[in-house]
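Residue numbers start from 1 in every chain, and the chains themselves are labelled A, B, ... in the order their sequence lines are given, proteins ahead of strands. The figures that follow rest on heavy atoms only: side chains count, while hydrogens, waters and symmetry mates do not.
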Protein chains: 2
Amino acid sequence: MPTYSDNRPDTSEQDTNLPPPEQHARQYAAVRDAHETELIEDYVELIGDLLDHAGEARATDIAARMGVRQATVARMIRRLNDQGLVTNEPYRSIFLTERGRAMAEESRKRHGVVLQFLRSLGVDDATARIDAEGMEHHVSETTLGIMREFTLKQKGGD
Amino acid sequence: MPTYSDNRPDTSEQDTNLPPPEQHARQYAAVRDAHETELIEDYVELIGDLLDHAGEARATDIAARMGVRQATVARMIRRLNDQGLVTNEPYRSIFLTERGRAMAEESRKRHGVVLQFLRSLGVDDATARIDAEGMEHHVSETTLGIMREFTLKQKGGD
DNA sequence: TGCAAAGTTTAGCCTAGGCTAAAAATGTTT
DNA sequence: AAACATTTTTAGCCTAGGCTAAACTTTGCA
């Protein structure tokens, strides 16, 4: 457990200092870690959404929604299969394993929290959707909880 | 036997939760675009910070702070040079071009806004730093403006 | 029923961004 | 000044994630 220097929001101007090198490195490492899992999560989340809303997840639809070619999707599906996140048989549509379903649900929730938070901050819908898509994978549990709470308060206070 | 096309989605109202495919694709494309530039921006921002705080930006220090090997840094520096963002001579330390300086300043500001915003939301410093590092590149100008305003209000209201 | 269209997969290319190992240049110490 | 240490660069390997082209399977329609 790292020792957190301070828990108060620091709104002073003392922000011109760099963190110590090791902490700095850990920050970037965290970002790289997020990047490794984020495409996987996006695919799994999208497959879950397609299964829920369309009843099936087809490579064509995934490709159209991800904005990539089918060949790219095909290889990613193989990877998801290798990782035990989806099941698929050649030329048939794709299903989530139990683990895949869990990941999809997790992603869906996280995505929802960030999106709602941005909206409740006053960000317009189209912008909120784009930003949420990118931010989603870089928001810690801690921050996610604070966002959730904030959104609820806003909703109640309106 | 489940066939391919029995369960065609009823597009009339079922996909109200999903954006239309083209918009969906644009969201992911925006994330991919951000990923392309974000490492570049991180390096440039870090080099700027090192120049400001240490007077020079050396590959060793960049490597230590990025948490990668020097070989990785060396190749990235060549790329930054190719893109006209830094100047460097063999075995000498690195400097920003005018364009590089502008990008560093831009990144520094953006980073600061996100970090301060998270702190003013009540996120602890260590977490805020990590999250800000990841979120920074996925926050639109629109949202950035709203974050800036929010932080100011919080500061005043305290 | 058979054939064309649509969907899926495979093969192979490219770039980015990690890595290690080793060579080359610079800096330091005795 | 020579030897050693540090820093920087280069070469080459690996994986991820885009792409195109082409082969193959399934579906739908005349």
Side-chain angles (χ1 to χ4, degrees), chain A residues 21 25-44 46-47 50 54 56-83 85-95 134 137, chain B residues 1-9 21 25-26 28-44 46-47 50 54 56-83 85-95 134 137:
Chain A
R26 275 195 301 274
Q27 288 172 27
Y28 286 117
V31 176
R32 284 194 298 271
D33 282 353
H35 283 165
E36 268 185 30
T37 53
E38 87 180 85
L39 234 207
I40 299 279
E41 286 176 9
D42 283 342
Y43 270 89
V44 168
L46 175 55
I47 291 168
L50 286 172
E56 62 175 1
R58 309 178 60 185
T60 304
D61 297 331
I62 297 172
R65 286 185 178 274
M66 289 296 300
V68 300
R69 297 295 181 175
Q70 291 187 17
T72 301
V73 171
R75 192 183 35 189
M76 185 60 71
I77 297 304
R78 202 188 324 132
R79 222 168 268 162
L80 297 180
N81 194 324
D82 291 348
Q83 298 194 18
L85 293 165
V86 307
T87 59
N88 67 316
E89 305 191 24
Y91 298 97
R92 292 269 121 76
S93 69
I94 297 134
F95 297 94
H137 305 281
Chain B
M1 146 162 54
T3 55
Y4 232 20
S5 56
D6 309 330
N7 277 344
R8 271 315 171 84
R26 274 196 300 276
Y28 286 117
V31 175
R32 284 194 298 272
D33 282 354
H35 283 166
E36 268 186 31
T37 53
E38 89 180 82
L39 234 207
I40 299 280
E41 286 176 10
D42 283 342
Y43 270 87
V44 168
L46 175 55
I47 290 168
L50 286 172
E56 60 175 0
R58 309 180 61 187
T60 304
D61 298 331
I62 296 172
R65 286 185 178 274
M66 289 295 301
V68 299
R69 296 297 181 172
Q70 291 187 17
T72 301
V73 171
R75 193 183 35 190
M76 185 60 71
I77 297 305
R78 202 187 326 130
R79 277 184 60 206
L80 296 181
N81 194 325
D82 291 348
Q83 297 194 20
L85 294 165
V86 307
T87 59
N88 68 314
E89 305 192 25
Y91 298 97
R92 291 273 121 73
S93 71
I94 297 134
F95 296 94
H137 306 280

Looking for any heavy atom pair under 4.0 Å, which part of the strands does A/Ala59 touch: base, sugar-phosphate only, or nothing?
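If one applies the 4.0 Å heavy-atom cut-off, A/Ala59 turns out to touch the sugar-phosphate alone, with no base involved.
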Using atom [atom1] of [X] as one end and atom [atom2] of [N] as the other, report the distance to the nearest whole Å.
| X | N | atom1 | atom2 | answer |
| --- | --- | --- | --- | --- |
| A/Glu89 | D/dT26 | CD | C1' | 14 Å |
| A/Glu56 | D/dT27 | CD | P | 10 Å |
| B/Ile77 | D/dT10 | CD1 | C1' | 15 Å |
| A/Ile62 | C/dG7 | CD1 | P | 13 Å |

Under 4.0 Å: is that the gap between some side-chain N or O of A/Thr60 and OP1 or OP2 of C/dA6?
no
Taking only side-chain N and O atoms of A/Arg92, does any of them lie within less than 4.0 angstrom of OP1 or OP2 on D/dT27?
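So the side chain of A/Arg92 is within the cut-off, an N or O lying under 4.0 Å from OP1 or OP2 of D/dT27.
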With sequence neighbours left out, write down each residue that passes side-chain hydrogen bond (donor to acceptor under 3.5 Å, both in side chains) with B/Asn81, or none if nothing qualifies.
B/Asn88
For the atom pair OG1 (A/Thr37) and CG (A/Asp42), what is the distance rounded to the nearest 0.5 Å?
9.5 Å
Taking side-chain contact (heavy atoms from CB on, under 4.5 Å) as the test, write out the residues that go with A/Arg75, two or more places apart.
A/Arg78, A/Arg79
What nitrogen or oxygen pairs link the protein and nucleotides 16-23 of chain D at under 3.5 Å?
| unit_1 | atom_1 | unit_2 | atom_2 | d |
| --- | --- | --- | --- | --- |
| D/dG17 | OP2 | A/Arg79 | NH1 | 2.8 |
| D/dG17 | N7 | A/Arg75 | NH1 | 3.1 |
| D/dG17 | N7 | A/Arg75 | NH2 | 3.2 |
| D/dG18 | N7 | A/Arg75 | NH2 | 2.6 |
| D/dG18 | O6 | A/Arg75 | NH1 | 3.2 |
| D/dC19 | OP2 | A/Arg69 | N | 2.9 |
| D/dC19 | OP2 | A/Thr72 | OG1 | 3.1 |
| D/dT20 | OP2 | A/Arg69 | NE | 2.9 |

Of all heavy-atom pairs linking A/Arg69 and A/Ala63, the shortest is C-CB, 4.1 Å
Ignoring hydrogens and angles, tell me if any N or O in the side chain of A/Arg32 forms a donor-acceptor pair with the backbone of B/Gly67 under 3.5 Å.
yes
Return the 5'-most residue of the pair B/Arg58, B/Ala74 with respect to DNA chain D, ranking by each residue's nearest nucleotide.
B/Arg58
Within a strict 4.5 Å, meaning less than it, do heavy atoms of the B/Val68 and B/Met76 side chains meet?
no
